Amino acid sequence: MANEVILVDKKTVLEMKNYYQSVLKSQTPPGAVFAAKKNTVNVTGYNSGKVLFQGASASQEAQIWSSKVIDTGSTTKKKASSSKKPIDTPLPSGFSNWSVIGSDEVGTGSYFGPLTVVAAFVSKEQIPLLKELGVKDSKDLKDPQICAIAKDLLTFLPHSLLNVMPEKYNKIQPTMTQGKMKAVLHNQALGNVLAKIQPEIPDAILIDQFELPSTYYKHIADQPNQIKDKVYFQTKGEGHHLAVAAASILARYAFLKGLEEMSKDAGTTIPSGAGSTADLVAARLLKRGGINLLGKYAKLHFANTEKAKKIAGLNKK
């Protein structure tokens, strides 16, 4: 079994735990913050900042985090960054002023709520308007700001919004990894926007990167329409073009609306995230209507489900 070890700071360990939230293991070894299994790779993050990757694709998985590696002068960083495949695809000069379709997703790390993917087209002529509307990285905006900006964007911006609600998600997930699900949705959303803006052709497409490009293309290899022409990948893509920032805002808005509608339907506040509050809400739903009711609102393969069962006393034999 191939092994890869990197050293990161404690903040990054927590960031990684959130990133692998959907594939966390129920138990962690001594001294570990989290343990997860993504496809064939086991990932264990320790309090010391060391993160161990084990499996055939260990090097590729570690490469995702190479920009976060602490340079200690050891071989750790060299191993993590030795892959010939870069994390990002280099962007041409002046890219931020091009006419671009950008895509992003929300909800992958939240136990409750939909998985939402949005692709949006921003022409170079619209860039000043988007700046005036306050479009930027949604992580730097509060939810009320996101909602206000999204309502403006919805009136004129060509986009495709794909929502996979928990009930459908839970049917798909046993036969499709979350990574493949996201790739398929991005590809579909991009195709939808390309069709909407015809005969106009964008200068490029920018995907907010969540997998190595090679892995992304493997995921969509079985799709009838594969969008590959002039496609770029960037982590934190919203900082490279407002099209990704706009897609991120629209996705966050749709996700929040999804939680709001679920809360009304459930008669209780459905929270975002995957922390202890989510466990308690899930336990209440389990007691009220069992796993079928919980499955209407939650992604059941998350570790939160087992935690909720314990809280609800449903694991007792």
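Just so it is clear, the structure is predicted and the values come from calculations on it, not from any experiment.
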Quick check: is [Y] connected to [X] through a chain of hydrophobic side chains (ILVMFWY, heavy atoms under 4.5 Å apart)?
X    : Y    : value
V100 : Y232 : yes
V117 : L154 : no
V231 : V184 : no
I249 : L133 : yes
V106 : I270 : yes

Can a donor-acceptor pair be found, under 3.5 Å and without considering hydrogens, that links the side chain of [X] to the backbone of [Y]?
X    : Y    : value
H241 : W98  : yes
N170 : P166 : yes
K180 : H219 : yes
D104 : D208 : no
N97  : K124 : no

With a 4.5 Å cut-off on side-chain heavy atoms, are [Y] and [X] touching?
X    : Y    : answer
Q209 : T235 : yes
V281 : T269 : no
Q21  : T108 : no
K38  : I64  : yes
I207 : L190 : yes
K230 : D203 : no
K37  : N42  : yes
L130 : L153 : yes

Stepwise side-chain contact (heavy atoms from CB on, under 4.5 Å) test for I149 and V135: CA-CA 7 Å; I149 296 171; V135 174; 3.8 Å; yes
Closest approach of [X] and [Y], non-hydrogen atoms and distance?
X    : Y    : value
L286 : A312 : CB-CB, 4.5 Å
L259 : G113 : CD2-CA, 3.7 Å
S99  : S123 : OG-CA, 3.4 Å
P271 : A278 : CG-CA, 4.0 Å
A32  : N47  : N-ND2, 4.4 Å
G237 : L206 : O-CD2, 3.8 Å

Show, in sequence, the C-alpha distance, side-chain angles and deciding distance for T44 and T28, and conclude whether the side-chain contact (heavy atoms from CB on, under 4.5 Å) test is met. CA-CA 8 Å; T44 308; T28 56; over 6 Å; no
Value rounded to 0.5 Å, distance of [atom1] in [X] from [atom2] in [Y]:
X    : Y    : atom1 : atom2 : value
M181 : E105 : CE    : CD    : 12.0 Å
L256 : R252 : CG    : CZ    : 4.5 Å
E4   : F53  : CD    : CZ    : 8.0 Å
K17  : E15  : NZ    : CD    : 14.0 Å
S110 : N18  : OG    : CG    : 9.5 Å
N292 : L285 : CG    : CG    : 12.5 Å

Does Q27 CD have over 12 foreign heavy atoms under 6.0 Å away? no
Answer yes or no: are there more than 12 heavy-atom neighbours, outside K50 itself, under 6.0 Å from its atom NZ? no
Have [X] and [Y] got a donor and an acceptor in their side chains that come within less than 3.5 Å?
X    : Y    : answer
T12  : D9   : yes
T305 : Y111 : yes
Y169 : Q178 : yes

Name the atoms and distances for all side-chain donor-acceptor pairs under 3.5 Å in residues 193-201, with sequence neighbours left out.
from, atom 1, to, atom 2, distance (Å)
K196, NZ, H159, O, 2.4

Taking the six-membered ring of Y217 as reference, does the NZ or CZ atom of K228 fall below 6.0 Å from its centre and within a 45° cone about the axis? yes
Is the F34 ring parallel, tilted or perpendicular to the Y20 ring (thresholds 30°, 60°)? parallel
Results of side-chain contact (heavy atoms from CB on, under 4.5 Å) for K257 - residues two or more places apart only: Y253, E261
If you take the centroid of each ring, where Trp contributes its six-membered ring, are H186 and F210 closer together than 6.0 Å? yes
Is D265 paired with K296 through a side-chain N to carboxylate O contact shorter than 4.0 Å? yes
Would you check, one step at a time, whether the test side-chain contact (heavy atoms from CB on, under 4.5 Å) holds for Q188 with Q223? CA-CA 9 Å; Q188 184 179 339; Q223 298 301 297; 6.0 Å; no
Assess whether side-chain contact (heavy atoms from CB on, under 4.5 Å) is satisfied between L14 and K10, documenting all intermediate values. CA-CA 6 Å; L14 294 176; K10 291 183 178 180; 5.9 Å; no
